[in-house]
Amino acid sequence: MKRARVRFAPSPTGYLHVGNARTALFNWLFARRQDGTFILRIEDTDVERSTTEYDRKLMEDLRWLGLDWDEGPDVGGEFGPYRQSQRLDFYRAHAEKLLKEDKAYPCFCSPEELEQERQKALDAGQTPVYSGKCCGIPTEESTQRVAAGEEAVIRLRTPDEGIISFHDLVRGPLQFDLSLIGDPILVRSNGLPAYNYAVVVDDFLMAITHVIRGEDHIQNTPRQILTCRALGFDPPVFAHLSMVMGKDNTRLSKRHGATAVDQFDKEGILPSALFNYLALLGWAPPDGREVLTKDELIGLFRLEKVSRSSAIFDYDKLAWINRQYIKTLPSRTKAEYAFPHLKDAGLLPEKMSPGHWVWLEQVVEAFADKIDRFSQLPALFSSLFEFSLSTMDDDAKEILKERCSLEVIRSFSDKIARVENLDNEMFGLMAKEIKEDTGCKGKDLYHPLRVALTAKASGLELDKFIPIVEEGAKLVFPTPIKSCAQRVSETLAYIDR
Ligand code: GLU
């Protein structure tokens, strides 16, 4: 069997979205599993919509996701160039061959004329098919008209009736009625190749064995097979992946949430988690596991097992998988992922000292089990920076009105004012003494202590909170962190006011 050569062929007309990223990933897994070749080809012949910025960003996002390619615009390869805009000579040469062999012909119909024809068919409830008006023009005449500068496209001559069929690796046997397929345009009047044509020339010249792409291209496939036949090329094997939908069964769009890979990065989804989740969009390993390493995915992935039904993008499942991945990260890596979110929220300084990093690791660890994406951290962190008695919630106010509260806080304030470094051990001893002094215990003791330190009725466990705040109070932040002693004295002043 020939070694597999597959390609991901995005058009640089927008950001990489999850549907395309899944296509890229399935191609990649298919190639890696059988030691094949994964190729990146940029389909940039739509000059109006393609930009170099999207081109650059597509590659950046693919790399971020953890996909690498063996051949491509930046890494090169023996079948290059890998940008369609640099392959125009190939398309031209093959189109000339088809014209010479009378397998293609110039068509002079104007876009307005074609649009009228199309509209007429639609109004009559029929599938619009090119009428074939120009296919009978004698070669001599058409050559003269072209030479005289008349605008023309090049169309492929195709049979008017019959059936064209192929076996799709995902969808099984498929058939198309040729009477519903008009002669497709190969080359536009501006000389640029049409998608259906360029893709055939490239897939052949790049020795692509399998075309794995979205189901939205299924109607293009018979046209591409006809083009292959005219050029004398063996068509590749096709596999069309179902569309990615939202939970309401409509095509995944911004309405459902993030769709661009880049947005997931900004939200603090880890590339490894998104990689893992995308692999499960329409495929599942035989044992039904949901958290799998890249190597496990490569070992288990089978294109034949990919589902025909549409894949539902489940944001909650992705968040759950992300949570599993976050848990396994070393503290320093967690802190590095957290940093941009906290810096952008204005909570951390641009320039972090080694002391800041040690502190950040400790805090991110303390909150790690409360998040499923890093973008949730600023809200949790702000509880450390804010200590606002005037905006205290009702539960906290109620606690302050309790019989024991004033006494407990007064005693706490006396003791805390006398210590230099409050740590958990010291706090434990203090709590014991306060209990002896006041006779308050259990929640009568701990609830007011919590309110005095946090101005809230609930939050992080105090044994985590105290060291974080005490260490944080010694560091410089855009908004300073108040020490425990300062908080308790402010609380006492607030009660006594
Ligand atoms: N440029 C096409 C797209 O982005 C590629 C389709 C194909 O894989 O043939 O949809």
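Just follow the structure's listing: the first ligand is 1, and inside any ligand the first atom is 1. As a basis for the values below, the full set of heavy atoms in this structure was taken, side chains included, without hydrogen atoms, waters or symmetry mates.
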What is the closest protein heavy atom to [atom], and at what distance does it sit?
| atom | answer |
| --- | --- |
| atom 5 (C) of ligand 1 | A9 O, 3.1 Å |
| atom 8 (O) of ligand 1 | R7 NH1, 2.7 Å |
| atom 10 (O) of ligand 1 | H217 NE2, 2.7 Å |
| atom 9 (O) of ligand 1 | Y195 OH, 2.7 Å |

List every atom of ligand 1 that sits less than 4.0 Å from any heavy atom of [X], numbering the atoms from 1 in the order shown and giving each element.
| X | value |
| --- | --- |
| R213 | 7 (C), 8 (O), 9 (O) |
| E43 | 1 (N), 2 (C), 5 (C) |
| V199 | 9 (O) |

Note to self: Taking the ring of F477 and the ring of W359, is the distance between their centroids below 6.0 Å?
What the structure shows: yes
Checklist line | Any N/O pair V211/ligand 1 closer than 3.5 Å | finding: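 Not met; the criterion fails.
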Note to self: Would N20 count as a polar contact of ligand 1, with the cut-off being nitrogen or oxygen pairs under 3.5 Å?
What the structure shows: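 N/O-N/O distance below 3.5 Å does not exist for this pair.
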Next item on the list: Apply the ring pair (Phe, Tyr, Trp, His ring centres under 6.0 Å) test between W28 and each candidate in F8, F275, W69; give the one that qualifies.
Entry: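 Answer to the ring pair (Phe, Tyr, Trp, His ring centres under 6.0 Å) test with W28 among F8, F275, W69: F275.
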Notebook entry, point to check: Hey, is F8 touching ligand 1 through its side chain, its backbone, both or neither, going by heavy atoms under 4.0 Å?
Noted result: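 The answer is neither; F8 stays 4.0 Å or more away.
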Checklist line | Polar side chain donor-acceptor pair, Y82 to E71, under 3.5 angstrom | finding: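 Yes, a side-chain donor-acceptor pair sits under 3.5 Å.
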Margin query: Applying side chain to side chain donor-acceptor pair (under 3.5 Å) as the test, list every pair that has at least one member in residues 7-25; sequence neighbours left out.
Written below: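 Pairs touching residues 7-25 that pass the test: R7-D203.
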Notebook entry, point to check: Within 45° of the ring axis of F38 and under 6.0 Å from its six-membered ring centre, is that where the NZ or CZ of R32 lies?
Noted result: no
Note to self: Is the positively charged end of R302 above the ring of W283, judged by distance under 6.0 angstrom from the centroid and angle within 45° of the axis?
What the structure shows: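 The answer is no, since R302 fails at least one limit relative to W283.
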Item checked: The single option from R41, R83, R5 passing salt bridge (charged side-chain N to carboxylate O under 4.0 Å, His left out) against D202 ->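 Only one option passes, and that is R41.
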